[in-house]
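For the single chain, residues carry numbers from 1 onward in sequence order. Computed over heavy atoms, backbone and side chain alike; hydrogens, waters and symmetry mates excluded. The structure displayed is predicted, hence computed values, not measured ones.
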Amino acid sequence: MATPTPSHPTTERLTVMGAGLVGSLLSLYLAHRGHAVEVFERRGDPRRAGFQEGRSINLALSDRGWKALGGVGVANDIRQVGIPMSGRVMHDVHGNLTRQPYGHDGQAIYSVNRGHLNRRLLDLAEAQTGVTLHFGQQCTGIDLKTKELHLRDTATQQEHHEPYTRLFGTDGAFSAVRSALQRTDRFDYSQDFLDYGYKELTIAAGPGGAWQLEKNALHIWPRGQYLMIALPNLDGSFNATLFFPFEGPESFAALQTPADVTAFFDRVFPDAVPLMPALTEEFFAHPTGSLLTVKCFPWKHGDDVLLLGDAAHAIVPFYGQGMNAGFEDCTVLNALFDQHGDSAWDVIFAEFQAQRKPNNDAMADLALYNFVEMRDRVADPKFLLQKKIEAKISAQFPGQWVPLYSQVTFSDTPYAEAWAAGQRQDAIMARLMPHIQAEADYDQPEVQALVQQEMAARH
């Protein structure tokens with residue numbers, strides 16, 4: 001696909017701290033606008049042999065992410081290496097399966113390998129005129145007054161200083177750029193860890209690279225106080241992730257030996273165990289990750305520093321929106337450049353945080369809400385019935401009733417608006433569901449009268 005031509009050529013040199021998913025995409029957006037972009041990254045180059053990827057967890061790419069990738073002309077390129085997942089498949093403790101579509105026919109989220117996506121975006125950024133990538137550069141501090149980065153070369157341990165004009169912090173949940181802003185006056189910051197960690201495991205490919213579970217689905221093993229999920233890979237395997245308490249009778253702390261792990265999985269995930277030949281080896285070799293929510297404000301310092309992505313708003317992964325929200329930051333920032341011109345930095349930074357802060361706070365709440373849904377509600381027949389009834393209302397009142405999941409995942413409705421609409425719809429369902437015991441009840445005259453009354457009251 002042809003590269004979009006810069007709309008506002010300018011010679012201002014910009015600095016991006018962090019070459020992960022959001023940083024590499026942001027550098028493409030800025031370069032397409034004619035800026036020279038210097039990108040500094042603490043880790044080594046993930047495209048080089050021997051690089052150890054810290055997180056292999058697969059990501060769910062949905063409409064907001066596709067829109068952002070389309071804005072720099074790379075969506076089709078990435079779509080070639082994604083696997084569409086049109087719904088959830090729930091596995092109960094006996095191995096019985098229940099399917100729940102994510103949206104209408106043709107709607108899907110895509111399983112994409114984080115490492116592949118990051119490497120591809122870096123290749124595209126490096127090929128873009130004006131982008132310079134610097135790997136192995138750890139930020140040890142930032143002088144906000146003199147506008148200078150303090151960096152350490154991780155290979156030589158040499159320290160050096162680099163001036164910046166505008167600095168974009170895209171360096172993740174433990175951002176060095178945000179750390180510098182936290183030392184400024186009246187900077188609000190919170191981080192909240194779940195009592196749950198996660199462990200990445202593998203469901204192996206079958207003979208000849210066959211998928212041993214349904215390929216075009218996100219698989220969930222909901223077990224009340226914890227869950228396991230699995231997303232498909234192109235090679236026939238699945239990336240599985242166990243979300244599990246750190247402490248307690250059923251927890252990471254309680255699984256101390258291979259025998260403990262085997263006994264637990266045999267009892268709780270019996271249909272998955274035969275598909276996981278490296279289970280015990282991976283369980284003890286792979287680290288246990290933590291899950292946190294980061295909220296902070298302001299996201300800018302004057303008109304020369306701006307936080308985006310996880311540096312501004314890290315969330316737990318249970319809505320599959322962390323990357324999509326970070327990519328949407330790039331879309332929104334680019335639209336503000338279109339609106340105000342490329343030199344109105346103060347206006348753009350102020351409007352960016354005014355738009356994105358309430359929406360990403362809402363997304364943080366939605367992610368925690370969906371954790372409870374995935375952990376225990378998706379196994380509840382009443383919940384599954386409610387989802388079917390919601391789909392019927394949506395079909396009967398197109399455009400007037402859009403399920404919360406569809407608003408978040410298959411639209412670019414601002415997250416805060418989607419969350420507010422979802423809460424109103426939840427309240428309506430709480431009033432309707434006592435009158436509905438089976439799917440057929442929806443067509444009963446008294447239920448239809450209630451539905452019509454509720455929909456009329458909304459407008």
Side-chain angles (χ1 to χ4, degrees), residues 18-26 53-69 78 82 85 102 109-118 121 168-175 177-178 190-194 196-200 218 220 227 229-231 239 241 243 289-296 299 307-333 356-375 404-405 407-416 418-419:
L21 296 172
V22 175
S24 49
L25 182 63
L26 176 65
E53 175 63 53
R55 295 172 295 177
S56 62
I57 195 167
N58 278 26
L59 301 164
L61 193 50
S62 57
D63 282 31
R64 295 168 204 268
W66 288 120
K67 181 179 178 181
L69 293 168
I78 301 303
M85 300 180 292
Y102 277 134
I109 59 178
Y110 280 71
S111 175
V112 177
N113 179 273
R114 173 194 290 275
H116 177 90
L117 179 56
N118 200 171
L121 289 173
F168 296 88
T170 56
D171 50 341
F174 301 102
S175 165
V177 179
R178 188 189 64 236
S190 69
Q191 65 176 32
D192 294 295
F193 284 90
L194 283 187
Y196 286 72
Y198 69 91
K199 177 86 68 176
E200 291 171 24
L218 189 153
I220 306 179
L227 75 155
I229 67 169
L231 282 75
N239 265 71
T241 309
F243 296 100
S290 55
L291 299 162
L292 83 160
T293 301
V294 168
K295 294 183 180 181
C296 67
W299 292 2
L307 301 174
L308 299 90
D310 283 358
H313 51 78
I315 60 175
V316 294
F318 302 108
Y319 225 114
Q321 284 295 305
M323 169 187 61
N324 292 290
F327 280 6
E328 190 172 56
D329 286 349
C330 298
T331 312
V332 169
L333 185 65
R356 297 303 288 159
K357 168 68 173 166
N359 284 312
N360 283 300
D361 281 356
M363 191 60 246
D365 295 340
L366 277 162
L368 289 165
Y369 166 88
N370 216 45
F371 175 41
V372 177
E373 180 169 306
M374 291 175 73
R375 197 180 64 193
L404 173 59
Y405 187 89
Q407 290 186 61
V408 170
T409 307
F410 300 122
S411 84
D412 58 5
T413 301
Y415 289 131
W419 185 212

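Atom CG in Leu291 sits 12.5 Å away from atom CG in Asp192 (nearest 0.5 Å). Rounding to the nearest 0.5 angstrom, the gap separating the CD1 atom in Ile109 from the CG atom in Asp63 is 10.5 Å. Taken to the nearest 0.5 Å, the CH2 atom of Trp299 stands 6.0 Å off from the CG atom of Asp329. Once rounded to the nearest 0.5 Å, the distance linking CG of Leu121 with CG of Leu69 reads 6.5 Å. Here Cys330 contributes atom SG and Phe168 contributes atom CZ; the two are 10.0 Å apart, rounded to the nearest 0.5 Å. Considering CE of Met374 and OH of Tyr369, their distance stands at 13.5 Å, rounded to 0.5 Å.
Counting only heavy atoms from C-beta outward, the side chains of Leu194 and Leu292 never approach each other to under 4.5 Å. Leu307 has its side chain within reach of Cys296: a pair of non-hydrogen atoms, C-beta onward, lies under 4.5 Å apart. Within the 4.5 Å cutoff, the side chain of Leu117 has heavy atoms near those of the Met323 side chain. Side-chain contact between Thr170 and Val177 is absent, with no heavy atoms from C-beta onward closer than 4.5 Å. Considering only heavy atoms from C-beta on, Arg356 comes within 4.5 Å of Glu328 through its side chain. Residues Gln321 and Val408 are in side-chain contact: their nearest non-hydrogen atoms beyond the backbone lie under 4.5 Å apart. Under the 4.5 Å side-chain criterion, counting only non-hydrogen atoms from C-beta, Leu333 is in contact with Leu26. A 4.5 Å side-chain heavy-atom check between Thr409 and Tyr102 finds every atom pair outside the cut-off.
Here the shortest heavy-atom pairing between Tyr110 and Gly82 reads CD2-C, 3.9 Å. Residues Ala418 and Thr413 share a closest heavy-atom pair of N-CG2, 4.1 Å. For Thr293 against Ala364, the heavy-atom pair with the smallest separation is CG2-CB, 3.9 Å.
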- Task: List the steps and the verdict of side-chain contact (heavy atoms from CB on, under 4.5 Å) for Phe243 and Ile229.
- Result: CA-CA 8 Å; Phe243 296 100; Ile229 67 169; 3.8 Å; yes

Q. After noting the C-alpha distance and the side-chain angles of Asp365 and Lys295, does the key distance pass the salt bridge (charged side-chain N to carboxylate O under 4.0 Å, His left out) rule?
A. CA-CA 11 Å; Asp365 295 340; Lys295 294 183 180 181; 3.5 Å; yes

query = Would Ser24 and Asn118 satisfy side-chain contact (heavy atoms from CB on, under 4.5 Å), going step by step from the backbone distance to the final call?
reply = CA-CA 7 Å; Ser24 49; Asn118 200 171; 3.7 Å; yes

For Leu227 and Ile220: C-alpha separation, side-chain torsions, deciding distance, then whether side-chain contact (heavy atoms from CB on, under 4.5 Å) applies. CA-CA 7 Å; Leu227 75 155; Ile220 306 179; 4.0 Å; yes

What verdict does the side-chain contact (heavy atoms from CB on, under 4.5 Å) test give for Leu404 and Trp419, after you've listed the backbone C-alpha separation in whole Å, the side-chain angles of each residue and the deciding distance to 0.1 Å?
CA-CA 7 Å; Leu404 173 59; Trp419 185 212; 4.1 Å; yes

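Remark: Arg64 fails to qualify as a cation-pi partner of Phe410 under the 6.0 Å distance and 45° angle criteria applied to the six-membered ring.
No side-chain donor-acceptor contact under 3.5 Å links Gln407 and Tyr415.
Classification of the Phe371-Phe318 ring pair by plane angle, with boundaries at 30° and 60°, yields parallel.
Note: Trp66 and Phe327 fail the aromatic proximity criterion, with ring centroids not under 6.0 Å apart.
In this structure, Asn324 contributes its side chain and Gly65 its backbone to a donor-acceptor pair below 3.5 Å. The main-chain N or O of His116 is found under 3.5 Å from a side-chain atom of Asn113 such that the two form a donor-acceptor pair.
Lys357 and Asp361 are joined by a salt bridge, as a carboxylate oxygen and a charged side-chain nitrogen come within less than 4.0 angstrom of each other.
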